Protein chains: 2
Amino acid sequence: MPTTTAAQRREQARIEYDAFLRDCPTNQLLDRISDKWVALVVAALSSGPKRYSELGRKIAGVSPKMLTQTLRTLERDGLISRTVTPSVPVRVDYTLTPLGEGLARLLTAVKDWAETHIEEVHRARERYDAENS
Amino acid sequence: MPTTTAAQRREQARIEYDAFLRDCPTNQLLDRISDKWVALVVAALSSGPKRYSELGRKIAGVSPKMLTQTLRTLERDGLISRTVTPSVPVRVDYTLTPLGEGLARLLTAVKDWAETHIEEVHRARERYDAENS
DNA sequence: CAGTATCCACTGGGATACTG
DNA sequence: CAGTATCCCAGTGGATACTG
């Protein structure tokens, strides 16, 4: 009789795997671009620098909290840069860095694939749903 | 005095935006590949067909529930195909469809970008954390 | 204008147990 | 072997209110 159960062993594996995934570059990147607002912010900024409130308006429905949070992580990762103009009232501009522009191009590739194949995916869904009704 | 508050207007915008995002092909795709397990399953299958339990072992730490759920949505989207061999015990194989192979190639592009630029991101993070300490 | 702070509801996914 | 069913908790993000 083993002293560890199957569940315990899988939990151990899960812990190790989580650690591995945190270190995995691909997963770190997927964590970023999968964030609901990141892709939208990057897309908005790819047409040029924007102010905080411009982003808030362009990305309708985002709360100040999430907009700030998104901008902070992107800034921390070196994907966007934040410029404060100490006028009254203050003005803050966000711009894509060269690294961020690279990410924008990658997202364009994702977008192209999505738009090219979405019809096929939709047909597959209809077929699947029809068969399993 | 307006009859709608700023919050109410933003909520309305959020609802419309959510609807828009649901219809947006890019976001639908991002929803898929951002799923914690999808990328792992696709990667596992890109080296050839696998059985359910093989996937469970290769992707350490995944629970049966999530593995099944992931496989179902991928099958529904036409990205993988499921083949049941009615032997005893039953045998189920999962394979990437041509569409799924296309997705796998896209994920390879994502992976390449991630691995090429992760160092730069890490340096940016260290710089950011040092400045804001 | 450009945020920050707090509270809280909701849901995604893990643990666990069971089945054709 | 290949799942399904149920319970349940933690983390995410929205609402709301406040500030330099």
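Throughout, protein chains are lettered first and strands after them, A, B, ... in sequence-line order, and every chain is numbered starting at 1. Predicted model only: the values in this text are computed from it and were never measured.
- Taken residue by residue, residues 32-51 of chain B places heavy atoms nearer than 4.0 Å to DNA chain C at B:K36, B:W37.
- A straight line from CG of A:L67 to C1' of C:dC1 spans 13 Å, rounded to a whole angstrom.
- Phosphate contact (OP1/OP2 of C:dG13, side-chain N/O of B:S63, threshold under 4.0 Å): absent.
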Kindly give the atom pairs (protein nitrogen or oxygen, nucleotide nitrogen or oxygen) under 3.5 Å for nucleotides 7-9 of chain D.
none

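- In this structure, B:Y94 and B:Y52 have tilted ring planes: the angle between them lies in the 30° to 60° band.
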Under 3.5 Å for both distances, Watson-Crick or G-U wobble, that's the pair rule; now give the dot-bracket for DNA chain C, with | marking pairs to another strand and [ ] for crossing ones. ||||||||||||||||||||
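- For D:dG3, the OP1/OP2 oxygens have a side-chain nitrogen or oxygen of B:Y94 closer than 4.0 Å.
- Comparing atom distances between the A:V90 side chain and each of D:dG20, D:dA2, D:dT4 picks out D:dG20 as nearest.
- In this structure, CG of A:D18 is placed 8 Å from P of C:dG14, rounded to the nearest angstrom.
- For the pair A:L71 CG and C:dA2 P, the interatomic distance rounds to 11 Å; values are reported in whole Å.
- Within the structure, a side-chain polar atom (N or O) of B:R72 is placed less than 4.0 Å from OP1 or OP2 of D:dT4.
- The interatomic distance linking B:M66 (CE) with D:dT4 (C1') rounds to 14 Å, in whole Å.
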